[in-house]
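Ligands are counted one by one from 1 in listed order, and the atoms in each one are counted from 1 as well. Treat the numbers as computed from the prediction; the structure is a model and nothing was measured.
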Amino acid sequence: MTDVKHWQNFIAGEWVDGKEYIDVYDPATGDVFASMSAADAADIDRAVQAARACVASGEMTDCRPAQRAEMLYRIAGEIRTLAEEGAPLLVQESGKSLDDAMGEFTTAARYFEYYAGMADKIEGRSIPLGNDYVDFTYYEPMGVSAQIVPWNFPVDICARSLAPALAAGNAVVVKTPENTPLAMLLLAKACQNAGLADGALSIINGYGHSTGAQLVAHPGVDQIVFTGSVATGQAILRSVADRALPCVMELGGKSAAVVFNDADMDQLLSSVKWGIFFNAGQVCSAMSRMLVQRDIYDQVVAAVKDLAEGLHMGPGMENADLTPLASADQQRRVASLVNKAKEEGARLVTGGSAASRAGYFFEATVFADVTPDMSIFRDEVFGPVLAITPFDTEEEAWALANGTEFGLVAGVFAHDLTRAMRASRKLQAGQVFVNEWYAGGIETPFGGIKLSGYGREKGQEALYSYVHTKNVAIRVT
Ligand code: NAD
């Protein structure tokens, strides 16, 4: 790395320039403050070949797993040390709050600690076949894992896939998102400082349609881990179909909170604040829809309006409640979906426009009386926009909640836990939150069903996305 203005790719233990540079913008001002080198086909090939060589050398797998665990613990320590430098950088490139940026580094360190604790516990099974046989399973690493990261939580999401992949003994090539690549590159620095083998990790930059597509198409890749939009995930799946590559797909969402008339209002409003306005709503598992039982509907709409209008809008460095969107493109996209909602007859309760100030800010926006035929009910906005719909019966609530193509998360707010337990069965999603949106942690499995994708990240479950099961059956008599 030469300086903080101009950033390089990290390939097989070296920091290298590309031939092309991409500007990095500060979303709070709209100004360019850095540039990053984009990796071309030759750079990608070098990164993948180095990863292949690392796999072939056995450097990650010949050691005792406890040694890999020690390496991951060291990486976690380095990440914690780099957080002071990395968090303000992450604020500057993403617009998010400083607290959130610090949280990303802390979470990244926790992923490495968590999977360090599992590196020496990836145990196979012994399967009884009678006395004539001994049968057992190995879990073997996939080999070269290519990982594509989105811009909303770049440090957190990078570590989420990288830590279990390394814990299981894979080599990894990561592509950064084009508008928030910088803080993520510090994870390479942490791995380098900790002494990770050259080739076990490369982090390369560039546009998705060029660098990303070329990485995915490289014949030396054994597995794809993709976090991003449905359209890109589908394009990647099509492009790797001929090679039948194993993929983890963490895609979008349009998740609903189902609010019953016995819900605790303080818990609900705190969850709304975090659920849809945190990181300006640019969260795949955001509470972008709310379904409210009719007898408390007007009361909830009024309380959510007050909450949204009370949020302080400002730059991430001030830890404002409502920070800017990550890019001018994202601001245009949110505005267009909000205008469509207005045209289709959703009732605008508050907000509804880009803020009249420099940077990519958008007002906290709430629509009420949203019906399933409206696009705002179905389409992911990825902005601070909440769509509220009334319901009468439980059955109607489940049908509305499940009535999109997505199935990432869902939530239920109810004092009656019997009803909440019924909800946990009825809601079609990879995870269900009860009385707290985002309840869970790095320890709990995360992922989607339907168009939200497949495979699980986080928790013990994620580790098994990074290994093959091999069965060995031996005739012993
Ligand atoms: P995106 O699909 O545009 O980009 C994601 C990444 O894919 C970027 O690094 C991009 O450069 C790369 N990419 C783009 N085209 C590619 C191609 N053809 N081949 C290979 N790589 C390519 O998504 P985004 O706008 O960065 O992120 C927002 C989306 O991500 C939302 O839909 C959101 O819900 C989803 N997301 C999901 C999760 C999750 O865990 N489920 C987490 C965060 C974001």
of all protein heavy atoms, closest to atom 28 (C) of ligand 1 is F382 CE2, 3.6 Å
Between E250 and K458, does at least one N-O distance fall below 4.0 Å, as a salt bridge requires?
no
Look at ligand 1 and say whether R333 reaches it with a heavy atom at a distance under 4.0 Å.
no
Looking at non-hydrogen atoms alone, which of P177, G212, G252, G228 comes nearest to atom 35 (C) of ligand 1?
G228
With a 4.0 Å heavy-atom cut-off (strictly under), which part of F446 contacts ligand 1: side chain, backbone, both or neither?
side chain
For ligand 1, which atoms, with element, lie under 4.0 Å from some heavy atom of N152?
43 (C), 44 (C)
Using a plain distance cutoff, I'd like to know if K175 has any nitrogen or oxygen under 3.5 Å from a nitrogen or oxygen of ligand 1.
yes
Heavy atom of the protein closest to atom 41 (N) of ligand 1 (residue, atom name, distance)
L251 O, 2.8 Å
Does ligand 1 have a heavy atom under 4.0 Å from the side chain of I236, from its backbone, from both, or from neither?
side chain
Could you check whether D222 pairs with R52 (Lys NZ or Arg NE/NH1/NH2 to Asp/Glu carboxylate O, under 4.0 Å)?
yes
Within the 4.0 Å heavy-atom shell around P150, which atoms of ligand 1 are there?
26 (O), 27 (O), 43 (C), 44 (C)
Is there a side-chain contact between V334 and F382, using heavy atoms and a 4.5 Å cut-off?
no
Does E443 pair with R110 as a salt bridge, N-O distance under 4.0 Å?
yes
Could D321 and K273 be called an ion pair, given the rule that one side-chain N must be under 4.0 Å from one carboxylate O?
yes
min-distance protein heavy atom vs atom 18 (N) of ligand 1 -> G208 O, 3.9 Å
Check each atom of ligand 1 against the heavy atoms of T227 and keep those under 4.0 Å away; list them by number with element.
5 (C), 37 (C), 38 (C), 39 (C), 40 (O), 42 (C), 43 (C)
To check your reading of the model: name the closest protein heavy atom to atom 34 (O) of ligand 1, its residue, and the distance in Å.
E380 OE2, 2.6 Å
Residue, atom and distance of the protein heavy atom nearest atom 39 (C) of ligand 1 read C284 SG, 3.1 Å
Which of the atoms in ligand 1, numbered in the order shown and given with their element, are less than 4.0 Å from a heavy-atom of T232?
1 (P), 2 (O), 3 (O), 13 (N), 14 (C), 15 (N), 16 (C), 17 (C), 22 (C)
Using modelled atom types and a 3.5 Å cut-off, is there a donor and acceptor pairing between side-chain atoms of S37 and backbone atoms of Q8?
no
For atom 6 (C) of ligand 1, the protein heavy atom that lies nearest, with its residue and separation:
I148 CG2, 3.5 Å
Report the C-alpha distance between Y464 and Y139 in whole Å, list the side-chain angles of each, state the deciding distance to 0.1 Å, and finish with yes or no for ring-ring contact (aromatic ring centres under 6.0 Å, His included).
CA-CA 8 Å; Y464 298 94; Y139 288 117; 5.1 Å; yes
If you measure from the Lys or Arg side-chain nitrogens to the Asp or Glu carboxylate oxygens, is any gap between D43 and R46 under 4.0 Å?
no
Say whether, by atom type as modelled, one donor and one acceptor occur between the side chain of Q282 and the main chain of N279 under 3.5 angstrom.
yes
Atoms in ligand 1 flagged as close to V149, the criterion being non-hydrogen separation under 4.0 Å:
6 (C), 8 (C), 9 (O)
Under a 4.0 angstrom heavy-atom cut-off, which atoms of ligand 1 come close to I157?
42 (C), 43 (C)
For E178, the atoms of ligand 1 under 4.0 Å from one of its heavy atoms are 8 (C), 9 (O), 10 (C), 11 (O)
Stepwise, does the side chain to side chain contact (heavy atoms under 4.5 Å, CB included) test hold for V385 with F367?
CA-CA 8 Å; V385 181; F367 285 105; 4.0 Å; yes
State whether K96 and E104 are salt-bridged, where the test is any N-O pair (Lys NZ or Arg NE/NH1/NH2 against Asp/Glu carboxylate O) under 4.0 Å.
yes
How about K340 and I376: do any of their side-chain heavy atoms sit closer than 4.5 Å?
no
Looking at ligand 1, does F226 have a heavy atom less than 4.0 Å from it?
yes
Quick one: nearest non-hydrogen protein atom to atom 40 (O) of ligand 1, plus distance?
R160 NH2, 2.9 Å
Any protein heavy atom under 4.0 Å from atom 4 (O) of ligand 1?
no
What is the closest protein heavy atom to atom 25 (O) of ligand 1, and at what distance does it sit?
W151 NE1, 3.1 Å
Which of the ligand 1 atoms, numbered from 1, are nearer than 4.0 Å to a heavy atom of S229
1 (P), 2 (O), 3 (O), 23 (O), 29 (C), 30 (O), 32 (O)
